[in-house]
Structure formats: C-alpha cells, structure tokens
Amino acid sequence: MINILLPDGSSRQFEKGATPMDVALSISEGLARNVLAAKINGQVRDLNTPIEEDASIQLLTWNDTDGKSTFWHSSAHLMAEALEAIYPGVKFWVGPPVENGFYYDIDTNGQVISHEDFKKIEDKMLELARQKNAFERIPMPKGDAIRYFEEKGDEYKLDLLQGLEDGQITFYKQGNFTDLCRGPHIPNTSYIKAAKIMNVAGAYFKGDQNNKVLTRVYGITFPKQKELEEYLVVLEEAKRRDHRKLGQELDLFTFSDKVGKGLPLWLPKGAMLRERLENFLRKAQVRSGYQQVVTPHIGSKALYETSGHWEKYGADSFQPIRTPEEGEEFMLKPMNCPHHCEIFKARPRSYRDLPLRLAEFGTVYRYEQSGELHGLTRVRGFTQDDAHIFCSSDQVEDEFKKVIDLVLYVFKSLGFEDYSAQISLRSREDRSKYIGSDEDWEKAESAIQKAAKEKGLNTVIEYGEAAFYGPKLDFMVKDALGRKWQLGTIQVDYQLPNRFSLEYVGADNQKHRPVMIHRAPFGSMERFIAILIENTAGNFPLWLSPEQIAVLPISEKYEEYANDVFLALQENDIRGYVDHRAEKIGRKIRDAEINKIPLMIIIGEKEQEEGKISLRKKGEGDLGSFTIDEFVAYAQQEINKNIPKFGNN
RNA sequence: GCCUUCGUAGCUCAGUGGUAGAGCACUUCCUUGGUAAGGAAGAGGUCGGCAGUUCAAUCCUGCUCGAAGGCUCCA
C-alpha cells in the first residue's frame with residue numbers, strides 16, 4: 001500500500017500502482033468526471049500514471065492553470081490531427097498552450113490557411129473530439145523516434161529530437177495523429193466540447209528572422225460550449241475598450257498617412273488630457289526636488305557617438321539630417337539623456353549640487369519597424385516624462401527608492417492596480433550587447449534588486465531585458481487585448497557618466513564620477529494614455545476629463561442664463577461646453593453621455609428663476625438642484641479626491 | 001522588416017465587369033421641447049494610390065501606400 005497526500009492535508013491509502021484517476025474516483029464521481037491531469041509531487045502528469053510510492057497529489061481541473069494548460073496542449077494535438085486531415089503533407093513544429101488557448105506552428109507545404117477555412121478546421125476538430133480517442137503515451141528509444149520521423153520525412157521533428165536525450169523520448173497518439181511530445185495530456189479527446197480557431201500568423205522557425213516562416217495557427221477550446229460563448233463576449237468587450245477605437249470616438253488623437261505612420265496627431269481633447277497628466281506629474285516632481293529643463297529635438301551625431309547610441313542603434317535609426325552648406329550631421333533625438341548629460345557638464349558641479357534631478361517632457365523619435373507600430377503604444381515619435389538624477393554612488397539607493405515611491409504614487413493616483421514590477425537584467429548567455437564593466441553592472445543590478453526588495457515590491461526577474469547601458473526596474477501593464485507593455489521605468493546607469501566624463505568635486509576636494517538614474521513614471525505619454533483609455537474605457541476621472549461638464553439649456557430661451565452659468569464655472573477652472581443646438585433635452589443628454597462627459601448641468605425655466613442649476617451625473621442620472629457655489633464646491637471635491645499630494649499619502 | 005488578412009462618404013458598413021448606396025455625423029429649415037435619439041430637405045465619394053488586362057475596372061492582375069493579427073525588434 002502507498003500513502004497519497006492530498007492538498008487539504010488529508011491522506012489516503014491506495015494499492016501500489018494506483019493512478020491519479022483512482023484517487024479522483026475515491027473522492028467523488030463528479031471530480032473524476034472533471035479532472036484533467038494531476039500534479040504528482042509537484043509535476044504535472046497524465047491521469048493514468050501509475051503511482052509506485054508515497055506521493056502528494058493535486059488533481060487538476062479546468063479551474064487550475066495547469067489543468068487548463070494541459071487541456072489546451074491536448075487541444076493543440078487535436079487541431080494538428082484536424083489540420084493533417086484537411087491539408088495533406090503538412091509538417092508540424094511545436095504546439096504549446098498559451099495564456100488564452102494554444103497554437104501550432106506548421107509548414108503548410110505551400111497551402112494557405114485562410115479565415116474561411118477556420119470553420120472547416122473547427123468542425124473537423126469537434127468531429128475528431130467526439131470519437132473519444134485516448135491520448136496514448138508511448139515511450140520510445142531515440143533511435144526509433146528518429147527512424148519514425150525520417151520515414152515521415154519530417155525535418156522539423158528531427159530537429160527537435162536532436163536536442164533531446166535518449167531515454168526521455170515519448171510520443172503521444174490520439175486517433176490518427178502521433179506526435180513527439182513530453183505530455184502530459186487529458187485522458188481523451190471527448191473532453192473538448194467547443195473549439196474556435198482564432199487566427200493565423202507567420203512565425204519564424206525557432207524565432208529567428210533568418211529562418212523560414214512557418215504558419216502559426218491559434219486556437220482556443222473549452223470543455224463547454226457556453227464557456228466559449230462567454231469568452232467571445234469578453235473578447236468583444238475588450239475590443240470596445242481598445243484605445244484606438246475610443247481615441248477615435250472621443251476625438252483624442254488621430255493619424256494621417258501624409259504625416260506618416262506611427263506619428264500621432266493629438267486633437268484638442270487628447271491634448272487636454274495630456275496636459276492634465278503632465279501638470280499632475282510636474283507638481284509631484286517639484287515637491288520631490290526635480291528641476292525642469294528643455295532641450296532641442298535634434299542633437300549632433302557626435303553626441304550619440306559619445307553616448308554609444310550611434311554604435312548600438314545608428315543603423316536602425318532615422319538617418320542623420322545634414323545641413324546643406326556645412327554638411328554637419330544631426331540625429332533626431334532618440335533619447336534625452338545625452339542632452340541632459342551636457343546640461344550637467346555645462347558648469348563645474350559640487351557634491352553640494354547632488355542629487356541633481358533634471359526633468360523634461362522630451363519628445364523623441366525612434367525608427368520602429370513598420371510591422372511593430374500599434375496605436376499609441378508603439379509609435380515613432382513620442383514624449384517621455386523623462387528625468388535624469390545625477391547623484392553620488394552612496395545616494396543611489398535612496399534616490400532609487402524615492403523614484404519607486406513616485407512611480408507608485410502615479411500608478412495609484414490613476415487607478416493602475418494591475419501591474420507587475422519587472423527587474424530587467426542582462427542576458428545570462430549573451431553579454432556582447434552590453435557596454436561597461438561587469439563590476440559596474442553587478443553594482444547596478446544589486447542596487448535595483450535591493451531597492452525593490454526594501455520597497456516591498458512583488459517583482460519578477462527577466463534576463464536579457466536590460467538596456468544596453470544598465471539594468472531596469474520596469475512597471476509592466478496589460479492592454480485590453482492582453483498584450484504586455486512597459487510603462488514606468490527606472491534605470492541605474494554607470495556607463496553614460498563614464499562616456500561623458502561627468503565629474504563633480506567631492507567634500508574631499510577630489511573629482512568624483514556621479515551615477516545616473518534614468519526614470520520615467522508614465523514611460524511615454526502616448527503609451528500611458530493608451531493604457532489609461534483602456535483601463536477606464538474612456539470614462540476618465542473628473543480631474544482628467546478633457547470636458548468636465550456639458551451645460552444643457554432646455555431651450556433657446558435659457559441660453560443667456562446657460563452662458564452665465566458656464567462663464568461662472570470657467571472662472572473656477574471647470575472646463576466644458578454649452579450645447580446650443582436646437583435639440584430636445586433628451587437628445588443633448590444622450591450625446592453628452594455618449595461622449596462620456598462626467599457631469600451635465602441642465603438649465604431651464606425653474607433653474608433660471610431660482611438662480612440654480614440641475615446636476616446630472618453620467619451613468620447615474622439626476623442629482624438634484626445646486627447653487628453655482630454648491631456645484632463648484634462639489635466639483636472641486638470630486639476633482640481632488642483622486643489626487644492626493646505626493647508625499648502626503 | 002517577415003507572414004496572413006483587409007482598404008467604398010467624417011464614422012459604421014451594403015454593393016456591382018457597364019463610372020455607387022444605407023444608417024449615424026454634417027448644413028439649412030420647421031419644432032422651443034424637462035433627464036439617453038423630434039421632423040423635413042440638402043450637401044458630401046476620381047470606391048487608398050499607380051500601372052496593366054478589357055470596348056468598358058470600384059470589382060480581375062501586378063506593384064505601391066496604409067491598417068489589423070502575429071513573428072522578429074524595442075535606447
């Protein structure tokens with residue numbers, strides 16, 4: 001007999017060789033019906049894996065991440081079987097589960113899979129699923145596996161086999177499809193009740209641009225048809241929040257082919273939103289000892305040769321601009337730091353000047369591959385809420401922590417709760433893409449990790465994500481479609497001060513080299529606003545709303561009073577408009593609601609006589625009658641409630 | 001940049017090898033209405049651009065520009 005320990009701490013006795021399915025059956029029939037795979041001593045395995053000795057077991061269902069992954073992994077095999085049936089001669093590379101579903105990379109043998117074919121693939125998958133074919137695990141010596149794929153003429157799987165050790169090879173077979181696979185899998189295909197092919201895309205073989213492009217087919221499956229339907233509804237809702245769509249609907253920004261792709265044009269309302277955000281951060285920065293600077297949009301090529309950007313990115317940048325007479329070369333500014341280094345150097349610096357915190361809403365231009373451009377999140381011209389802190393090495397940690405506070409303050413004030421703090425370090429394998437000494441890197445990497453830890457941040461470490469001159473602490477968020485983007489970033493840099501020979505005179509009257517901290521709480525105004533739009537679905541807090549109020553006269557008779565009210569509100573820095581159209585009040589309200597105006601002021605005969613206003617709140621309705629003073633007090637309280645002063649929270 | 005798909009009015013979208021249509025928005029007129037769409041009329045498009053096939057192209061073909069979803073890249 002063996003002891004099986006369950007997650008609730010209880011244990012049960014089974015015959016040697018019992019399987020996780022036996023365990024499930026011993027608990028309840030319902031569980032046995034729903035269990036997909038099991039974690040045996042922490043490893044996910046098939047349900048029919050014999051257990052030979054005492055073990056801890058966790059039964060995995062659709063509600064467990066690992067259960068879902070197993071389900072989708074098996075679904076990838078099912079899709080492969082369907083694809084092989086429909087497209088003769090296809091060859092398969094890899095088909096893993098992903099966050100929402102799974103994909104399979106295939107060589108289609110010259111055939112094209114288009115959207116019209118999706119239904120056909122889905123139907124075939126469901127037809128095969130109904131056959132209730134078991135996912136059968138077949139251990140195999142490597143030699144046999146190689147022979148199998150040689151006969152099949154499958155160079156992809158042979159490539160995959162090369163990296164595997166003998167003795168670990170397993171195949172999985174369901175129906176007519178056999179695949180090289182480590183597993184585990186769900187018991188049989190009948191668990192898959194709903195299937196949807198989401199899209200097809202090209203993907204480089206092994207992720208290398210120089211390799212052939214395979215066809216990646218994305219799909220998702222569910223154990224119930226209803227869950228698929230619900231998922232599709234969620235997707236539709238996410239699309240409605242897409243900043244590109246809302247940006248258009250709310251007149252925030254636009255693009256013009258003629259201006260150029262990836263170059264956003266900010267419309268008045270979008271510009272207002274930006275301005276509010278900039279002022280908000282400016283205020284907090286003043287309180288934290290930053291000084292605002294302004295630098296030009298171009299800089300001489302020599303500046304970037306010094307900084308190292310030319311060597312690293314020169315070929316992949318907008319190319320230098322030349323003056324007609326002298327042939328001088330300038331680069332569109334891709335970064336603000338070199339300019340700020342020159343400000344530091346503009347005069348002799350003393351340790352008494354440190355930390356010197358130079359801030360700038362600096363617009364930068366970077367060549368991005370055309371296929372990478374995406375709304376406001378990936379553009380070719382954008383404005384960083386940049387600042388560089390020049391400090392002594394013993395100030396680094398303290399300054400770094402202050403910046404973390406600032407970033408958290410910004411995120412909190414804007415209701416960004418769903419972010420992850422990522423420590424971006426050097427690649428462990430390839431160090432050729434970084435500049436500077438190992439010693440400096442190690443100092444910088446440990447400073448970041450220490451500061452993040454002391455601030456209690458819940459961090460994940462990503463190797464290979466550092467900038468070429470230093471490690472970063474990046475604040476990552478997801479957009480409406482689940483894509484991950486970097487917003488706030490804090491970077492420790494020992495390299496630029498070296499390259500620019502930055503110096504200050506210490507208390508010891510000796511020259512010392514400062515350390516730089518690069519930081520941007522928003523990251524870029526463009527990307528931040530994109531995420532803000534998606535997070536709020538365009539329902540901005542009152543203090544940010546481009547238009548805070550709509551004054552809606554019931555008829556032309558009350559126009560004059562409406563104008564007076566509006567003027568009084570403008571005096572109090574409340575912004576908005578008067579709807580002068582000869583429309584009925586219902587129509588004016590509807591349009592204000594659609595345009596997501598937070599507050600509506602209704603002016604009619606009653607209001608005019610009483611010298612009051614009627615207030616209506618978007619999404620809530622009538623709030624009753626206010627004097628103008630009462631309303632101003634109400635609005636100001638609403639405006640201030642979301643933005644505590646930095647340092648007071 | 002690469003792969004797949006897409007491109008008709010300001011927006012959302014119909015449509016056809018014989019030089020185009022709807023709804024909303026816009027303009028004008030009527031209506032002066034109390035908390036999510038009042039009515040009528042009008043204007044608006046070299047059907048992304050350039051070539052080609054054809055008696056004839058918005059529709060077919062090629063190139064090009066732009067967009068979408070991925071891949072790769074991201075100071």
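Just so you know, these numbers use all the heavy atoms, side chains as well, and skip hydrogens, waters and symmetry mates. Just so you know, these numbers come straight off a predicted model, no measurement behind them. Numbers restart at 1 for each chain; the letters A, B, ... are given by sequence-line order, proteins then strands.
The side chain of R216(A) has rC71(B) as its nearest neighbour among rU4(B), rC71(B), rU32(B). Of the candidate nucleotides rC71(B), rG69(B), rA75(B), rC71(B) has the atom nearest to the side chain of Y218(A). In this structure, of rC73(B), rA75(B), rG69(B), it is rA75(B) that holds the atom nearest to the side chain of A467(A). Here rG34(B) is the nucleotide among rG33(B), rG69(B), rG34(B) with the atom lying nearest to any side-chain atom of I602(A). Distances from the side chain of R378(A) to the nucleotides rU35(B), rG69(B), rC73(B) place rC73(B) closest. Considering only side-chain atoms of S317(A), the nucleotide from rA75(B), rU32(B), rG34(B) that sits closest is rA75(B). The nucleotide whose nearest atom lies closest to any side-chain atom of D257(A) is, among rG66(B), rG70(B), rC3(B), rG66(B). Listed candidates were rU32(B), rG34(B), rA75(B). Nearest to the side chain of S555(A) is rU32(B).
Nucleic acid contact for L552(A): none, since no nucleic acid atom lies under 4.0 Å from a heavy atom of the residue. Across all strands, K261(A) comes closer than 4.0 Å only to sugar-phosphate atoms, never to a base (heavy-atom distances). When heavy atoms are screened at a 4.0 angstrom cut-off, V213(A) is found touching the sugar-phosphate backbone but no base atom. Residue contacts for H518(A): at a heavy-atom cut-off of 4.0 Å it reaches no nucleic acid atom on any strand shown. Using a 4.0 Å heavy-atom criterion, one finds that E605(A) contacts the bases of the nucleic acid, with or without backbone contacts as well. When heavy atoms are screened at a 4.0 angstrom cut-off, R380(A) is found touching no nucleic acid atom at all. Counting non-hydrogen atoms under 4.0 angstrom, A203(A) reaches the backbone sugars and phosphates but no base. Within 4.0 Å of E116(A), counting heavy atoms only, lies no atom of the nucleic acid at all.
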*Apply salt bridge (charged side-chain N to carboxylate O under 4.0 Å, His left out) to E445(A) and R426(A), showing your working.*
CA-CA 9 Å; E445(A) 291 187 344; R426(A) 278 183 299 179; 3.7 Å; yes
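No donor-acceptor contact under 3.5 angstrom links the side chains of W93(A) and D107(A), judged on distance only. Remark: the S524(A) side chain and the Q384(A) side chain contain no N/O donor-acceptor pair separated by less than 3.5 Å. Looking only at atom types and distance, the side chain of D493(A) has a donor-acceptor partner in the side chain of H518(A) under 3.5 Å away. Looking only at atom types and distance, the side chain of T383(A) has a donor-acceptor partner in the side chain of T363(A) under 3.5 Å away. Using modelled atom types and a 3.5 Å distance limit, the side chains of Y304(A) and E311(A) yield no donor-acceptor pair.
Salt bridge R357(A)/E399(A): present, at least one basic N to carboxylate O contact under 4.0 Å. Under 4.0 Å is where a charged nitrogen must lie from a carboxylate oxygen, and between E99(A) and R483(A) no such pair does. Between D622(A) and R616(A) there is no salt bridge, since none of the side-chain N atoms of the basic residue sits less than 4.0 Å from a carboxylate O of the acidic one. Contact check on E610(A) versus K606(A) returns no salt bridge, with no Lys/Arg side-chain nitrogen under 4.0 Å from an Asp/Glu carboxylate oxygen. Contact check on E465(A) versus K484(A) returns no salt bridge, with no Lys/Arg side-chain nitrogen under 4.0 Å from an Asp/Glu carboxylate oxygen.
Mapping R244(A) and K618(A) onto RNA chain B via the closest heavy atom, the residue that lands nearer the 5' end is K618(A).
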Distances for protein N or O near nucleotides 38-40 of chain B N or O, under 3.5 Å:
from, atom 1, to, atom 2, distance (Å)
rG38(B), OP1, E583(A), OE1, 3.4
rG38(B), OP1, R587(A), NH1, 3.3
rG38(B), N7, E583(A), OE1, 3.3

*Using Watson-Crick and G-U wobble pairs whose two distances are both under 3.5 Å, how do you write the pairing of RNA chain B as dot-bracket, with | for links to another strand?*
(((((((..((((....[..)))).(((((.......))))).....(((((..]....))))))))))))....
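Using a 4.0 Å cut-off, no side-chain N or O of H115(A) falls inside it from OP1 or OP2 of rG69(B). Of the side-chain N and O atoms in K258(A), none sit less than 4.0 angstrom from OP1 or OP2 of rG66(B).
Stacking is found between Y313(A) and the pyrimidine-like six-membered ring of the rA75(B) base under the 5.5 Å centre-distance and 30° plane-angle cut-offs.
Rounded to whole Å, the separation between the C1' atoms of rU35(B) and rU19(B) comes to 49 Å.
Per the geometry, NZ belonging to K245(A) stands 9 Å off C1' belonging to rC11(B), to the nearest Å.
Judged by distance alone with a 3.5 Å cut-off, no donor-acceptor contact links the side chain of R366(A) to the base of rC74(B). Between the side chain of Q248(A) and the base of rG10(B), no donor-acceptor pair of N or O atoms lies under 3.5 Å.
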